[in-house]
Amino acid sequence: VNGPRSQGRAFPVEEFLQALTAQLDRAQDALALKVSGTNRPLTWALRDLKLDLNVFVEVGDSGRVMLRSAGPNEAGASTLHLDLTTVTRPMVEENSWSFQGDEDPRTLDDLQGSDKLDGESRRKLDWLGVRTVGQLKQLDPGAVQAVFGIPAMRLQAALAAAARPTVLGHEVVENDDGETLVRILGANLTNGVTPEVRLAGQPVEVLEASPRHVLVRPPQDQAAGQVEVFTRGQRVTGFFNLGDKDGPNALMGAVR
Amino acid sequence: VRRARSPFISLQSFAELLAATVGPLPLEAGNAAVGARVAVSALDLDVPLEIRIDDGAELRVSLPRGRLATGFDPPHGRLAAHFDLVAPDNDRSAP
């Protein structure tokens, strides 16, 4: 009669930690509100938090570590000790990967075609903290194969795919004179040599060029059409529309 | 037909519990007129806690419901938290 009660489902540990930190933010906001109406403008600041949780730690089908809280009469639960402390903005900035500074911030999912990494390799790279193509390019395939078991050939194929030029989208901008320009967004758009660009079939002037973007002056008689970038001996394409003035517009290009 | 009562029915959000436990505490007592004034500067909270990871991976909790533990209660975890009383504008460690 008093056997173990059927328990709830298990959750990935990273989801639990994200939910927990969101709750701590909410608690801090609530505490700040409660004291803000007093004469002394002080607030409780949570500095350190320790939690002991009775949980069952499981590994899901996809290799994710899952947590399930222990219920009444359930024997064999683990005790998970969590210590959380205040992390200041400078510490976050110092210890986090700067996606803005990433030379190629595409996600690994953006790699197309047969060279796309399989799920098992993706998961191992995720454990390594590799989430962008820029981070992938910094890996030594031989060392990764030896330590993590991802075949070097597979990584080299992914690196070759990552090195191909790609048009990912465009944005319409204005210069200081109010002139409308088109910024083509992508990856590997130049290797130091200014690429040749055509909009709607017409060659256009390239004002700036970097691996991640190319700024061009669009033809006066074309408001939309195909983008063609010739770089590194390859032609990559996308589309542009001068009516798109609400930030970047993602349009996948193709390598031909 | 009576349905079995869920043992988790009265759990609350962890954020709510923190705010509800710490928020109402007085920050100071006394004044110059009575000759002494005491102000709180920090708070350490150390309590057993009934814990469940619920939908959305949300942590839902309850302080112990009574002195008598039965086999129908989930095992208790523990919460230890340290709070400082600060002026938000001068809190250099704030994220």
Side-chain angles (χ1 to χ4, degrees), chain A residues 2 5 7-20 22-36 38 40-55 67-74 77 79-81 83-92, chain B residues 4 6-8 11 13-28 39-46 48-61 69-95:
Chain A
N2 294 338
R5 179 183 292 272
Q7 291 305 301
R9 52 180 285 231
F11 296 93
V13 65
E14 61 269 26
E15 280 184 29
F16 169 69
L17 291 175
Q18 285 170 357
L20 179 61
Q23 285 190 308
L24 294 177
D25 287 342
R26 286 208 304 274
Q28 189 65 68
D29 291 344
L31 290 171
L33 271 178
K34 285 196 173 190
V35 296
S36 63
T38 64
R40 296 176 63 207
L42 299 176
T43 184
W44 289 110
L46 180 59
R47 295 296 190 221
D48 299 295
L49 181 85
K50 295 181 181 180
L51 273 175
D52 289 352
L53 308 175
N54 293 295
V55 294
L67 297 180
R68 178 174 67 80
S69 43
N73 280 335
E74 272 197 307
T79 301
L80 179 67
H81 301 278
D83 275 23
L84 296 99
T85 191
T86 306
V87 179
T88 62
R89 187 181 297 276
M91 292 165 69
V92 171
Chain B
S6 165
F8 308 112
L11 295 178
S13 157
F14 182 55
E16 290 172 11
L17 178 122
L18 279 179
T21 307
V22 178
L25 294 175
L27 304 182
E28 58 186 17
V40 178
S41 60
L43 168 70
D44 282 300
L45 188 67
D46 192 345
L49 206 60
E50 185 179 320
I51 287 170
R52 179 176 164 84
I53 305 172
D54 220 330
D55 289 344
E58 183 186 26
L59 187 62
R60 294 186 66 80
V61 298
T70 74
F72 297 100
D73 296 320
H76 283 162
R78 193 156 200 94
L79 160 69
H82 176 83
F83 294 86
D84 284 335
L85 197 60
V86 299
D89 292 341
N90 298 324
D91 185 11
R92 295 181 182 279
S93 66

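Every chain is numbered from 1, with letters handed out A, B, ... down the list of sequences. Worth knowing before you read on, the calculation uses all heavy atoms, side chains too, and leaves out hydrogens, waters and symmetry mates.
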Of all the heavy-atom pairs spanning [X] and [Y], show the shortest one and how long it is.
X	Y	answer
Phe11(A)	Asp55(B)	CZ-CA, 3.9 Å
Ala70(A)	Pro74(B)	O-CB, 4.2 Å
Ala57(B)	Ala19(A)	O-CB, 3.3 Å

Original post:
Do any N or O atoms from the side chain of Gln23(A) and from the backbone of Leu59(B) form a donor-acceptor pair under 3.5 angstrom?
Top reply: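 It does hold such a pair.
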Original post:
So, the side chain of Asn54(A) versus the backbone of His76(B): is there a donor-acceptor pair under 3.5 Å, distance only?
Top reply: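 The answer is yes, because a donor-acceptor pair under 3.5 Å joins these two groups.
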Original post:
Where on Leu20(A) is there a heavy atom nearer than 4.5 Å to chain B: the side chain, the backbone, both, or neither?
Top reply: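 Side chain only.
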Subject >> Part of Val13(A) lying under 4.5 Å from any heavy atom of chain B >> reply: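 When you check distances to chain B, no heavy atom of Val13(A) falls under 4.5 Å.
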Heavy-atom check, side chain of [X] versus side chain of [Y], under 4.5 Å:
X	Y	value
Arg26(A)	Ser13(B)	yes
Ile51(B)	Asp52(A)	no
Trp44(A)	Leu18(B)	no
Leu79(B)	Leu49(A)	yes
Leu24(A)	Phe14(B)	yes
Thr85(A)	His82(B)	no

**OP:** Between chain A and each of Ala81(B), Pro48(B), Ala80(B), count heavy-atom pairs under 4.5 Å; write down the option with the most.
**Re:**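 Option with the greatest count: Ala80(B).
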Subject >> Proximal component of Leu43(B), with respect to chain A [non-hydrogen, under 4.5 Å] >> reply: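 For Leu43(B), the contact with chain A is made by backbone and side chain together.
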**OP:** Name the option with the most non-hydrogen atom pairs under 4.5 Å to chain B; the candidates are Leu51(A), Leu67(A), Leu80(A), Leu53(A).
**Re:**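 Among Leu51(A), Leu67(A), Leu80(A), Leu53(A), the one with the most close pairs to chain B is Leu51(A).
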Original post:
Rounded to the nearest 0.5 Å, how far does CD of Glu15(A) lie from CD of Glu58(B)?
Top reply: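 It comes to 13.0 Å.
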Subject >> Gap between atom OG of Ser69(A) and atom CZ of Arg60(B) - 0.5 Å precision >> reply: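 It comes to 12.0 Å.
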